[in-house]
Every structure is written in C-alpha cells, then in structure tokens.
Amino acid sequence: MLANMAAIMEIKGEVVFKSIAFSRAGRIVKDLAIDVKAALDDGSLARTPGIGQHTLRVIDQYARTGRSADYDELAGSLPAGLLELLEIPGLGPKTISLFWKERNIAGMGDLIKALDSGYLDGLKGIGPKKLDGIRAGIAFRQRSAGRILIGEAQPIARSLVERLRRVAGVEEAQIAGSLRRCRETIGDVDLLCSASHLSDGPAVAAAFVKFPEVQRIQGQGQTKASILTTDDLQVDLRIVPADSFGAALLYFTGSKEHNVKLRGLASARHCTLNEWGLYKAAEYDALQKKAGEAPALRSVAGRSEAEVYAALGLDFIEPELREDRGEVEAAGRGELPRLVGRSDIRGDLHTHTIASDGVATIEEMARTAVAMGYEYLAITDHSKGQTLANGLNEERLLRHVKEIRQVGRRLSGIKLLAGCEVDILADGTLDFEDAILAELDMVIASPHAALKQDALKATDRLLRAIDNRYVNIIGHPTGRMINSREGLPLDMAKIFKLAAANGTALEINASYQRLDLNEISARAAVQAGVKLAVNTDSHSTGGLQGMEFGLGVARRGWVRPQNVINCMGIARLEEFIAAKRRL
DNA sequence: GCCGTTTTCGGCCCGACTGTTTTCAGTCG
C-alpha cells in the first residue's frame, strides 16, 4: 500500500522526495522481522528512521482498521490501471501522466489500443522511436515473469563474464548487482569490466552487443551497454578504467539505497561519490565534466571498494549486507558481524540418495563430500508419507541406516550420520514413532503437504515438531517455493522462542527454489538465540555445490559461524544432538 | 515527507544514454 502511494505520487508529479519517503516506509515495513502490529505496540516502528508522522499514521490506521483514509483518497485521485504501466520498462511517471491527461489513457488496455491506432501520435516530446520502445517494453513485460531465481541467473552471468574476459582491451570483469549481493531473485544482470584504456570502452561495448546470446540491444555508448539475451534476461555492462574499478563496483553492486546512504556520508565529508571515484567536492564542482569520460581529477579513493569505504570512515561492508538495513551505521562503529562463509562449513546435514528420490548412492554422496573438504555428512532420505518421493517405511529406513553405517566405516576422512527427513504431518505429529527416530543419529523434520494452513494451525503444527526430543532441525520451515508458493504463515516469534529454548535448529534450505528460512527470518532467528543449519537438500552429487545460495541467505541475514550448527566440529555437533535427547 | 556533525528550515546522490530536441527531459541504475 505504501509503495502504491509512492507510485501514485510519482504519476501525480508530487515533490519527488515525498514519493521517496513513502517508498522507503514501504520497504521498512516489508523488511520488518516482527509483526507490524507488534512493532506499532512496542513503539519500535515509530522510532525507526524513515518513519515519520504521516507514514506512521497511515500504517497505524491500516493496522487497526484494515483501511487507510489517506490511501483511499490518494488512490481515488487517478485510475488504478495507471500503476501497472509503471512496470513497463522505458515508460515512466511523466509519460504516463501525459498519456492520461492528454489522451485519457487509464490502463494497459487503453494504452495498447492507442498504440495500435496511432492515437498517441503527435504528442509533444513523443516520437515514433519512443512509441516503439513502449511497444517493445509491453511485449517484454508480457513475455517475462519478472524476477528470475538466483540459481537460474548465475550460470548465464558467469558465462557472459567468461566471454567478456576474452574481449580485447578488457582487464578485469566481474558480476555486480543483486546477483553479487545474493538476492533470492534477480531483476537483471549487472556486469562490470575495466579496460586498459578508457578509449577501448566503445570497442568493448561493441563486442559485448555482438555476443551470440544477444537478442536485442537496448542501449550502447562509451562506457555502458545494455542487452536483452535470447532468454529474455536484461544484462547491463559498465566499462571503467582500472583506477575507478572499486568505485564503479560499489556503484554497480548497489543496492541503490546503500549507495544513496554512502553518497550522503560523502557529502557530509565535503566529498562527492560517483562511479568514477570519491572526490573532494570543491575540486569536483569546479571541474569541466564530460559524459563518458573520467573526471580529470585525482580521486581520494576509487581503485578498490575497500579504499572507498575506508575513506568514508567505514569498515569494509560485504556485498550481501548492502541493503541499508543498518550496515552502514554498524560499519561506522566497527560492529559488523564476521559473516559465515564457505570455509566455515564443516558438513551438509540434509541430503538424499537413491533410497528415496535422489540419484546418487550413499557412497557417491560421501565421496563428493570428502572432495569438498567436509568433516561429516548426514544422509536424510524421505519418510513413508512422501510416497511420490519413494519415502522409506520403518523397515526400509532401518535397513538404510545399517547401510549408511557400513559405508561410513569403510570410508576414511568423513563421518556419516544416519538420519532421515521425517514429514511433519498436518496436525504436527511425525511420520515415524519416537522409537524409530531414536535409532537415528540425527533427525530433520519438514512440512511437505498441507501448506495452506492458517497461522494458528501452522504454528502449532511446527511447535509440536520442535517439541519432539529427537527432532534436531526443522527443514525448510515454511515450505515456500519462490515465485510459486507462499508457504506456511508462521508466527516466527513463537517458533524461535521454543527452538532456542530446547536446542532445535532451523534450516536455511539452500535449494535456490526454496531459500527457506529467508534472510529476514534468519536474521530475526539469530537475534532470538536460535541455531541455524545451512543445508543443500541435495538429490545428487552436483547438488552439494548449491551450498553457496544458502550461505548467501545466511550472510544477508547477518549470520555468523557460531550461529550455524554445521560450522561445529563433529564432537560439538554430536553433543548438540545429545543434549536435546537428554531434555 | 523526513530529518539534524549545516540545519527545526532547507535541503534531500549522481551520472549515462536515448529521443526529441537545438539545450534538455525522461528514464534508468
């Protein structure tokens, strides 16, 4: 609702800062780890920077009554159909407003008809190319579902970077943008490269737009180019000299909100920060600038990101934290967390084999884990309720356990844990009796079906599972699938409280379709004293490599190694499991 | 609309590219 209000203000041509303020308030509410009503009641929302008198009133009224008079009034002032027009790339608020006022365009249907009939021809400032651009934008919008999953974008981006590195004149090429920040979904791919000489820029841009995966060229200049790939992914490339690489990487990695905050800090230090570098404001303002050329001025910093942060009085901020969620302030105080990384991970605690729906054997999974440098690996095939996934019944499970232990004895260099991913049934009971679970080294309990329960039922269901002394990890707690299934509407505060109290870990499922818990819940869980487990849920040896996506979520959630049970050595992990059984 | 190491009023990040224009507005990141 707040984001809509911001959009409406944009189209109405209100002072842009008003729109920005509402948009920011919307983001703050969306990022809340606790319920909005709770944040209103305890006064924390009112104290949040960016929430002021007006936005607080709107949120408060909506939370109490389910309506907002301010929203209703604003929404009533223009046709609702105009808002979706903002989603068309190349079409912005000014043009939408023009179409509405001059040609009575009230929505997508009107716009398409008017484009077809020539009704928009002859408007001031609108020529044939602009109209073509809008047509292409609408077609793109209808073809593509919007943001794609990180695991889908990454291989495409990596192959483009490889190709870029081979282009003449390119020194260094790197992925930037939301992909570098490990967001769960990616709107477009941002790539950055440095050229040995900036004069090579146009040639690099020209080579880029001729890559075989290019479907359409959106733009091409001295220092940047933008293309649409054959699978409808937009890719933006920026080309800078090596001296500006750090500043440009910072700029192109974002987030936008993080950048805005850094530039504000630069201002306060009488400097100006842009993609070319950090400059003394007085010197920079006196300069004759030309688009597409590096400022003819020595920068204060710019070669590396670390240099720029240091010049602003900040510790280095990892890309995953750059969302303006308090990281800049923490960096200023020297209080950033040491984030969990790949080298902290000692094992994977959620994997499947051919015994249920995996494609690799116990031994194949184990050997891959050894090659990855893991100290332990848990084999956790499905329970009998997962009939489609060839779930194991009691008898098959016990045979499987025996086999896991046999393989474990035979292999050196890795400890195999005989486990199971047991279904949490709709009422919160588990798919196996305690007597069976007691035979296992470790238990994950996960919801797989009945994922449309209300908050009360769903929360009670998980609490029951957490309450079981044999359950060590709750797997993909909400059951969500990104872009396709909402998942259970859990009361996380209650879940965290019990999980922290009785030593049950919550999973960050690294499968890029799930990423469950998400980053917001992960951060709140850690604050509530809950232990996490970052697991791949892999069904093949290749799947074990997917750990990085789960780590991305954990890092975005400010998670430290000490918060993660699979960063423990085997002895401590076994004690973690044993402690709950003693309760 | 929000906010205070410049401020309770007056700012609020900054640059590249496109299209439609003869100097700039719009859009994007």
Side-chain angles (χ1 to χ4, degrees), chain A residues 2 5-6 9-10 13-26 28 46-58 70 74 86 88-99 122-134 136-137 176-178 187-192 201-202 205 217-226 234-240 244 247-248 250-279 281 284-285 287 289-295 312-313 324 332:
Chain A
L2 291 163
M5 291 177 84
M9 289 172 192
E10 268 196 280
E14 297 261 15
V15 185
V16 66
F17 301 106
K18 222 167 130 172
S19 165
I20 290 172
F22 271 83
S23 169
R24 182 157 180 235
I28 289 167
R47 288 192 303 271
T48 307
I51 300 291
Q53 214 182 7
H54 192 173
T55 46
L56 186 68
R57 185 179 80 211
V58 171
D70 294 284
L74 201 55
L86 278 172
I88 301 169
L91 189 56
K94 295 289 196 298
T95 313
I96 292 171
S97 176
L98 181 76
F99 287 174
L123 276 173
K124 186 174 158 56
I126 305 295
K129 282 197 170 175
K130 204 155 227 173
L131 293 176
D132 277 346
I134 294 169
S178 53
D188 56 28
V189 169
D190 298 306
L191 305 178
L192 177 69
I217 302 167
Q218 315 258 51
Q220 182 188 348
Q222 310 255 327
T223 69
K224 63 193 262 192
S226 178
Q234 185 178 317
V235 182
D236 299 327
L237 171 69
R238 193 70 200 255
I239 307 146
V240 296
S244 294
L250 203 54
Y251 152 76
F252 223 29
T253 297
S255 68
K256 192 173 153 190
E257 291 78 11
H258 179 84
N259 288 348
V260 167
K261 189 149 256 180
L262 292 189
R263 287 171 175 186
L265 274 188
S267 276
R269 291 173 172 251
H270 306 290
C271 285
T272 187
L273 176 63
N274 56 40
E275 56 265 51
W276 299 99
L278 181 70
Y279 299 93
Y284 193 82
D285 292 341
L287 203 67
K289 280 156 296 206
K290 257 171 89 178
E293 282 182 18
L312 293 174
D324 188 23

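Below, chain A is the first sequence line, B the second, and so on; all start at residue 1.
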Under 4.0 Å between any heavy atoms, over every strand shown, what does [X] touch: base, sugar-phosphate, or nothing? Just pick one.
X        : value
A/Ser19  : nothing
A/Pro128 : sugar-phosphate
A/Ile20  : nothing
A/Phe22  : sugar-phosphate
A/Gly133 : nothing
A/Ile88  : sugar-phosphate
A/Asn259 : nothing
A/Gln53  : sugar-phosphate
A/Leu262 : nothing
A/Gln234 : sugar-phosphate
A/Tyr284 : sugar-phosphate
A/Arg238 : sugar-phosphate
A/Thr55  : sugar-phosphate

Problem - Contact interval (first through last nucleotide) of DNA chain B with protein chain A, 4.0 Å heavy-atom - result: B/dG1 to B/dG29
Problem - A/Arg238 side chain vs A/Leu192 backbone, donor-acceptor pair below 3.5 Å - result: no
Exercise for the section: Could you tell me whether the side chain of A/Ser255 and the main chain of A/His258 form a donor-acceptor pair under 3.5 Å? Expected result: yes
Handout entry: Between OG1 on residue A/Thr253 and CG on residue A/Asn259, distance to nearest 0.5 Å
Key = 8.5 Å
Handout entry: Derivation and outcome, side chain to side chain donor-acceptor pair (under 3.5 Å), residues A/Asn274 and A/Tyr279
Key = CA-CA 8 Å; A/Asn274 56 40; A/Tyr279 299 93; 4.9 Å; no
Handout entry: 5′-ward residue of the pair A/Lys129/A/Thr48 relative to DNA chain B
Key = A/Thr48
Problem - A/Thr95 vs A/Cys271, nearer the 5' end of DNA chain B by closest nucleotide - result: A/Cys271
Take atom [atom1] in [N] and the same atom in [M], then report the distance between them in whole Å.
N      : M      : atom1 : result
B/dT5  : B/dG1  : P     : 23 Å
B/dG10 : B/dT6  : C1'   : 10 Å
B/dT21 : B/dA25 : C1'   : 9 Å
B/dT23 : B/dG29 : C1'   : 24 Å
B/dC12 : B/dC17 : P     : 25 Å
B/dC13 : B/dC28 : C1'   : 14 Å
B/dT8  : B/dC3  : C1'   : 9 Å
B/dT27 : B/dT20 : C1'   : 14 Å

Problem - Heavy-atom side-chain proximity of A/Val58 to A/Met5 below 4.5 angstrom - result: yes
Handout entry: Side chain proximity check, A/Phe17 to A/Met9, heavy atoms < 4.5 angstrom
Key = no
Problem - Polar side chain donor-acceptor pair, A/Gln234 to A/Asp236, under 3.5 angstrom - result: yes
Exercise for the section: Scan for salt bridge (charged side-chain N to carboxylate O under 4.0 Å, His left out) pairs involving residues 48-57 of chain A, sequence neighbours excluded, and state none if there are none. Expected result: A/Arg57-A/Asp70
Practice task
Verify the neighbour count for atom NZ of A/Lys289: are there more than 12 heavy atoms of other residues, nucleotides or ligands below 6.0 Å?
Solution key: yes
Practice task
Once you apply the 3.5 Å cut-off to both distances, tell me the Watson-Crick or G-U wobble partner of B/dG4, or none.
Solution key: B/dC9
